[in-house]
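Bear in mind the structure is a predicted one, so any value in this text is a computation, not a measurement. Letters go in sequence order (proteins before strands), and every chain restarts at 1.
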Amino acid sequence: MLEVSALTSHYGRIQALAGIDLTVEDGELVALVGANGAGKSTLLRAISGVQPSSGKIIFNGNDISGVRSDRRVRLGIVQVPEGRQVFGPLSVEDNLRLGAYTRTRAESDAELERVYAMFPALKERRGQAAGVLSGGQQQMLAMGRGLMAKPRLLLLDEPSMGLAPRLVEEIFAKVRALKAARTTIFLVDQNARAALSVADRGYVLETGRVVLAGSGAELLADEKVRQAYLGL
Amino acid sequence: MSAQLAQYLLSGLTIGAIYALVALGFAIIYNASHVINFAQGEFVMIGGMATVSLANAGLPVLAAIPVAVLAAAAVGLALEKFAVEPARGASVVTLIIITIGASILLRGLATLVWDKNLHALKPFSGDRPIELAGATILPQSLWVLGVTFAIVLALGWFFGRTLTGKAMLATSHNPLAAQLCGVNVRFVLLLSFGLSAALGAVAGILIAPITLTSWDVGVMLGLKGFAAAILGGLGSGAGAVVGGLALGIAESLGAGYLSSAYKDAIAFVIILAVLFFMPSGLFGKKSAERV
């Protein structure tokens, strides 16, 4: 479904991605782990088209390297960004409706019911400003907003960042539910153990390069991964 | 209430409504781009001057007005497309300087296309004053107030009820997240310039029968609108309206009870006072975010 090859990206003169090659197959959950500053978020931003990059990004057989970010959303590449990034002054429901910005009103109505069914807490607070929600609820809202766009490939950037352990558990339960519903997911999380446990496959990123790839279980068992990212 | 005070309030509200329209133009572009568009006053000028020249050319005023508004909107779109967009990625200060340059260019073009004379537009429905609470009000003032009220309602509906309007608000709050929702932020920027230009043009047309219009009418109206926007809190729609009306009334009271010589100074005293004592204005957002 997604095929990235020789992808590079820079912030000024600093290279953030030094030639990334990876693939995500239809229906897979692929995790990307790595230290802070390894380039994980940059990679997701490049895939979404909001970060300049060179190299090839093939999505469903089409080269989308030069395609504008809003068109990529229409193609089904939807990102839930790091740090939630909800529209604070707008209501919960407006945030969700904006998630379906690329879709028709009828599709938006139907999707809204599904998202509310998945996140009942959002329905209770549909009229409140998104900015007053707790961190965990904002993360649910950010995920719900992403789902409103009907993703074919969902990019999740640090969904558990800064959340209490119980909420991390809840977020990963939602990720597993999405996977069970055959949503293709590319997941970045600093919680490497949780991310690799739910993933079919994983990549390890170090200073803008993929240094290790394998199934989730293989990476969890890998001595280097255990030392560097699992603290074992 | 004395008749005199009522008179000052009515004329203050009239000119304040015009400031409010100009201030709304500032707010919309500021929200979309954090740019203060100093060419906003030129849209006011283009609206008034284009209507006058089309009316003089024999077009009925009712036909001239929409043509003039569309012309100003086209200038606004062109300003974004050919001056602001090519410089995207530049700092906000650079973009503001571009708008100052554009305003000088537009004033120069206005003297070429039209002339340097003062022009009067005929009032929309006569100029027989109407008695109101011991004071008098021109029918044109009622037009100003009524149209401004309708525009405020329409903008409230657009930003509060339509997805496009909400996408513009979302873009102003968080452009990255808006992009990730599939909003084309370049289109939002273009739309904001077109909308602001149209608002400015409407203000210029409404006020032309009362204060006359000329090639440089936009300088003062633009600055007053800017003062109103600062007073209300840059980027706030409600603030722009309240700021505009408050500035108009303050000006009118100042001119009436102090001296009309100070009329124009009042706006600038207000800018300074606001910047010194409450930089975010009456309705400005205090930034607080949950992390």
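- Between the CG atom in B:N174 and the CD atom in A:Q85 there is a gap of 4.5 Å [rounded to 0.5 Å].
- At a 4.5 Å heavy-atom cutoff, A:V80 makes no contact with chain B through either its backbone or its side chain.
- Neither the backbone nor the side chain of A:R71 comes within less than 4.5 Å of any heavy atom in chain B.
- Between B:F26 and B:F226, the ring planes lie tilted relative to each other; the angle falls in the 30° to 60° range.
- In this structure, the portion of A:L90 lying under 4.5 Å from any heavy atom of chain B is its side chain and not its backbone.
- For chain B, the option among A:D70, A:V78, A:V73 with the highest count of heavy-atom pairs below 4.5 Å is A:D70.
- With chain B as partner, the option from A:V50, A:D94, A:L155, A:L98 having the largest number of non-hydrogen pairs under 4.5 angstrom is A:L98.
- When each of A:K150, A:R97, A:R103 is tested with A:E111 by the rule side chain to side chain donor-acceptor pair (under 3.5 Å), just one qualifies, namely A:R103.
- Of the listed residues A:S108, A:P89, A:P81, A:A142, the one with more heavy-atom pairs under 4.5 angstrom with chain B than any other is A:P89.
- Counting only residues at least two apart or in different chains, side-chain hydrogen bond (donor to acceptor under 3.5 Å, both in side chains) contacts with residues 146-164 of chain B are absent.
- A salt bridge links B:E251 with B:K224: at least one charged nitrogen is closer than 4.0 Å to a carboxylate oxygen.
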